[in-house]
Amino acid sequence: MYRYDEFDHDFVKARVAEFSDQVERRLAGEITEDQFRPLRLMNGVYLQLHAYMLRIAVPYGTLNSKQLRMLGHIARKYDKGYGHFTTRQNIQFNWPALSDIPAILADLASVEMHAIQTSGNCIRNVTADHFAGAAADEVADPRPYAEILRQWSSVHPEFSYLPRKFKIAVTGAERDRAAIQTHDIGLHLKKNDKGELGFAVYVGGGQGRTPMVGKKIRDFLPEEHLLSYTTAILRVYNLYGRRDNKYKARIKILVHETGVDEITRQVEAEWQALKDGELKLPEADVAAIQAYFAPPSLAARPEGDEAIKVARLDSKSFGEWLDQNVFTHRNPDYAAVTISLKGIGEAPGDATDSQMEAVADIAERYAFDEIRVSHEQNLILPHVARADLRAVYDALVAIDLATANSNLITDIIACPGLDYCALANARSISVAQDISRRFASLERQRDIGELKLKISGCINACGHHHVGHIGILGVEKKGAELYQVTLGGSADEHTSVGEIIGRGFGPEEITDAIETIVETYLRIRNDASEKFLDAYRRVGPAPFKEALYASEAKAA
Amino acid sequence: MKVLTANRLTDGEAVWFSAAGSWAETIDGADVVADKDGEARLEAIGKAAFDNNEVVDVNVIDVDVVAGVIKPQRLREVIRAAGPTNRLDLGKQARPAAGAA
């Protein structure tokens with residue numbers, strides 16, 4: 001993985017010193033809240049319902065064991081023993097004191113981490129496929145490009161005060177696991193007919209109150225032009241993006257209002273002026289960054305197949321975990337493992353201090369010291385010898401992190417919601433917990449098959465409800481929580497925005513409504529191989545509406 | 001009826017302005033007002049405390065007083081006054097002395 005050079009170390013150290021001074025001056029009353037607020041946000045410090053919240057960047061979701069151990073340490077020393085992994089592959093702590101934040105940032109800097117640009121109207125943490133560098137279906141590792149974008153965008157003088165926040169995601173496989181079409185810029189790393197690397201470029205995707213699917217404005221951008229083309233897009237956005245209305249300030253609105261053809265023309269025109277200048281990436285520089293992401297040296301471990309055969313016979317639950325949470329690696333002797341942070345009835349994405357430390361130990365011993373955070377709020381061990389899977393499984397069982405539910409209905413994305421968040425209108429976690437308990441049976445979950453359920457506690461859509469196969473949006477109506485359900489959303493290479501199915505449901509009704517939807521799907525599917533999303537796309541909303549609302553329509 | 005609430009600057013702790021004239025970490029002893037004059041008084045106290053860098057995010061919120069117990073009307077404020085509903089071991093609700101402040 002990427003290691004800080006001297007410049008990076010000095011830069012982060014200087015930033016810690018600067019913000020520590022700002023915190024000190026705020027606590028001494030030398031600067032006002034209005035002056036301090038934008039400064040704290042630039043350093044990832046929010047004020048939530050119960051306390052401050054610190055959002056720490058995990059660049060493209062990649063961690064080593066030392067870093068994860070430090071996050072566990074911070075959870076224990078400065079917080080309340082846990083952290084929350086987010087849909088931007090970051091981690092949030094819910095209870096830090098403002099006066100402790102300088103010390104936390106100094107601890108983070110000691111393991112090459114920080115909280116810079118995790119808030120504010122700037123370019124946020126660049127996200128990537130959580131199986132990057134490991135997936136069998138990948139053309140190339142997208143993380144070197146994410147790292148190049150990180151270096152370029154860090155305190156970029158031109159793009160630190162954009163009309164609104166700006167999110168970029170990169171994937172290196174046809175199968176999109178990074179939700180690139182829901183981003184301001186989505187980059188799909190691929191090869192052209194000549195075998196050269198480049199990107200399909202999507203612009204103007206996003207969720208929030210106005211969900212939009214990103215539009216492809218270029219089918220193939222040679223890799224050397226990554227920064228010049230991205231700069232061209234940002235310049236057009238910075239110039240024409242609306243600053244008069246916060247709700248219309250994202251690039252998706254600009255793309256929508258201007259039209260794809262005209263935006264493409266503007267970007268291409270800007271790019272023509274930039275493409276052969278200093279932003280053109282020198283081959284040697286790309287190679288130097290790529291070297292940081294060189295895959296670990298994977299020794300031949302052909303004994304894996306036999307070991308797994310034996311272990312399967314020994315343990316049914318191991319077999320289930322293997323079927324559900326183990327992903328095909330490009331090396332047939334290895335696998336990528338999803339560590340579910342979605343234990344039945346647990347808060348999605350939460351991990352305790354000791355769990356973080358134990359996962360760090362497992363990664364160090366069995367997974368070449370690498371951990372990933374997925375945007376689906378799980379942890380990933382990207383390189384595990386198949387022969388070691390049973391040992392990894394046993395170690396995960398010991399820390400209650402062996403739930404075999406990856407991509408099943410209880411693998412729920414949920415934002416913190418009204419239990420923590422100052423913006424939320426309704427709770428998300430409690431809904432996720434209820435649904436998780438209702439569908440606790442693994443046999444039932446596996447019969448239902450792949451089903452992505454996503455919950456947001458307000459229209460800002462941090463819980464990605466728009467692109468859930470089943471999406472749930474919590475709103476406040478007449479002082480009470482109400483949950484709207486959308487169906488048919490998706491965040492993969494065929495991204496779609498879910499459709500609202502009908503009137504919302506109260507907190508005590510929503511789990512029943514989800515069960516009705518799931519039972520309807522099981523009734524109408526052609527056979528067990530037809531997934532929920534495929535069945536919905538085939539039949540549309542009618543049978544689901546009928547099942548949810550027919551009785552009240554008759555009563556009316 | 002209304003009470004004055006905010007978060008303490010130094011640690012973000014949710015606090016309520018108490019009838020005893022100080023910022024308390026629980027809502028129980030809050031200074032409850034029932035008229036416009038009382039509300040204006042709380043707003044002035046909140047503004048002064050904000051200006052004095054004691055608290056941030058100052059709000060006057062709606063409450064009911066039922067059998068002597070102060071209950072915020074909005075769920076948001078109920079959760080602020082108690083703690084996360086999924087973690088009864090955290091927040092004010094987890095304090096052994098909750099209710100005694």
At a 4.5 Å cut-off on heavy atoms, which part of [X] comes close to chain B: side chain, backbone, both, or neither?
X: A/Arg37; value: neither
X: A/Tyr82; value: side chain
X: A/Pro416; value: neither
X: A/Ala422; value: both
X: A/Leu49; value: both
X: A/Tyr52; value: both
X: A/Leu47; value: side chain
X: A/Glu346; value: neither

Salt bridge check: are [X] and [Y] linked by an N-O gap of less than 4.0 Å?
X: A/Arg25; Y: A/Asp21; answer: yes
X: A/Asp512; Y: A/Arg438; answer: yes
X: A/Asp419; Y: A/Arg427; answer: no
X: B/Lys47; Y: B/Asp51; answer: yes
X: B/Glu13; Y: B/Lys92; answer: yes

Results of side-chain contact (heavy atoms from CB on, under 4.5 Å) for A/Ser374 - residues two or more places apart only
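Residues passing side-chain contact (heavy atoms from CB on, under 4.5 Å) with A/Ser374: A/His130, A/Glu376, A/Asn378, A/Ile380.
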Before you tell me yes or no, could you show the steps for B/Arg41 and B/Asp31 under side chain to side chain contact (heavy atoms under 4.5 Å, CB included), namely the whole-Å CA-CA distance, both residues' side-chain angles and the distance that decides it to 0.1 Å?
CA-CA 11 Å; B/Arg41 182 174 58 83; B/Asp31 186 355; 3.0 Å; yes
With respect to chain B, which residue among A/Glu481, A/Glu476, A/Gln48 yields the maximal number of heavy-atom pairs within a distance under 4.5 Å?
A/Glu476
What residue in B/Gly12, B/Pro84, B/Ala81, B/Gly83 has the most heavy-atom pairs under 4.5 Å with chain A?
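The candidate making the most pairs under 4.5 Å is B/Pro84.
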Between [X] and chain A, which part of the residue has a heavy atom less than 4.5 Å away: side chain, backbone, both or neither?
X: B/Asn86; value: both
X: B/Arg74; value: side chain
X: B/Arg8; value: backbone

Crowding at CD, A/Gln35 (>12 non-hydrogen neighbours, <6.0 Å):
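Enclosed.
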From CG (A/Leu341) to CG (A/Asp400), nearest 0.5 Å:
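If we round to the nearest 0.5 Å, A/Leu341:CG and A/Asp400:CG are 12.0 Å apart.
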